[in-house]
Amino acid sequence: MSTEGDIEFRARWREELEAITPEGKLVFELSMGSGKQVYFPNEQRWRAKAPAWALEQWQRYADACRAWCKQNSIRFSLEHDAHLEEERPKKSPG
């Protein structure tokens with residue numbers, strides 16, 4: 001777990017990287033094989049896949065993720081088909 005600015009990053013066992021902010025949680029692909037690498041969506045892919053609250057925040061997330069990758073010796077690449085999803089809290093039965 002590490003924080004870049006106000007974005008907290010956490011690697012998950014499913015080869016995913018969580019980006020957590022007060023606005024919400026986004027999940028990206030993190031390859032954990034012999035060469036660790038984050039596949040981050042390019043700006044066009046971001047605009048097609050990001051939730052409404054994050055649409056105008058591509059640069060913020062890209063810069064923070066790039067810095068996190070550098071700090072953790074993980075390659076960072078911008079991809080036209082990178083995985084991006086919003087993860088919402090599960091509702092408790094009530």
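Heavy atoms only: backbone and side chains are in, while hydrogens, waters and symmetry mates are out.
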*asked:* Between Met32 and Arg14, is the side-chain contact (heavy atoms from CB on, under 4.5 Å) condition met? List the steps.
replied: CA-CA 9 Å; Met32 298 295 281; Arg14 294 176 279 194; over 6 Å; no
*Would you check if Glu85 and Val27 make a side-chain contact, meaning some heavy-atom pair closer than 4.5 Å?*
yes
_To the nearest 0.5 Å, what is the distance between CG on Leu78 and CD on Glu43?_
9.5 Å
*Hey, could you give me the CG/CD distance between Asn42 and Glu79, rounded to the nearest 0.5 Å?*
8.0 Å
*Classify the angle between the aromatic ring planes of Trp46 and Tyr61 as parallel (below 30°), tilted (30 to 60°) or perpendicular (above 60°).*
tilted
*Going by heavy atoms in the side chains, are Thr21 and Gln57 under 4.5 Å from each other?*
no
*From Ile74 CD1 over to Lys36 NZ, what is the distance, rounded to the nearest 0.5 angstrom?*
5.5 Å
*May I have the step-by-step check of side-chain contact (heavy atoms from CB on, under 4.5 Å) for Ile20 and Arg10, ending in yes or no?*
CA-CA 8 Å; Ile20 304 163; Arg10 287 190 218 163; 3.5 Å; yes
*If you look at every heavy atom in Pro41 and Ala82, which pair is closest and at what distance?*
N-CB, 3.4 Å
*asked:* I'd like to know if the side chain of Arg75 reaches the main chain of Gly35, judged simply by a donor and an acceptor atom lying under 3.5 Å from each other, with no hydrogens or angles considered.
replied: yes
*Separation between CD of Gln37 and CZ of Phe76, rounded to the nearest 0.5 Å*: 10.0 Å
*asked:* Would Phe28 and Tyr39 count as a ring-ring contact (aromatic ring centres under 6.0 Å, His included) here? Give the steps.
replied: CA-CA 7 Å; Phe28 308 101; Tyr39 299 97; over 10 Å; no
*Rounded to the nearest 0.5 Å, how far apart are CG of Leu26 and NZ of Lys49?*
13.5 Å
_Selection residues 24-34 - residue pairs positive for salt bridge (charged side-chain N to carboxylate O under 4.0 Å, His left out), sequence neighbours left out_ = Glu18-Lys25, Lys25-Glu87
*Decide yes or no for Leu84 and Phe40: does some side-chain heavy atom of the first lie under 4.5 Å from some side-chain heavy atom of the second?*
no
*For Arg60, check salt bridge (Lys or Arg N to Asp or Glu O under 4.0 Å) against everything at least two apart and list the hits.*
Asp6, Glu23
*Listed partners of Glu86 passing side chain to side chain donor-acceptor pair (under 3.5 Å), at least two apart*: Trp53, Arg88
*Please examine the side chains of Val38 and Cys65, heavy atoms only from C-beta on, and report whether any two atoms are closer than 4.5 Å.*
yes
_Under a 3.5 Å cutoff, is there a donor and acceptor pairing between the side chains of Ser31 and Glu15?_
no
*Indicate yes or no for a side-chain donor-acceptor contact from Arg12 to the backbone of Leu17 under 3.5 Å, with no hydrogens or angles considered.*
no
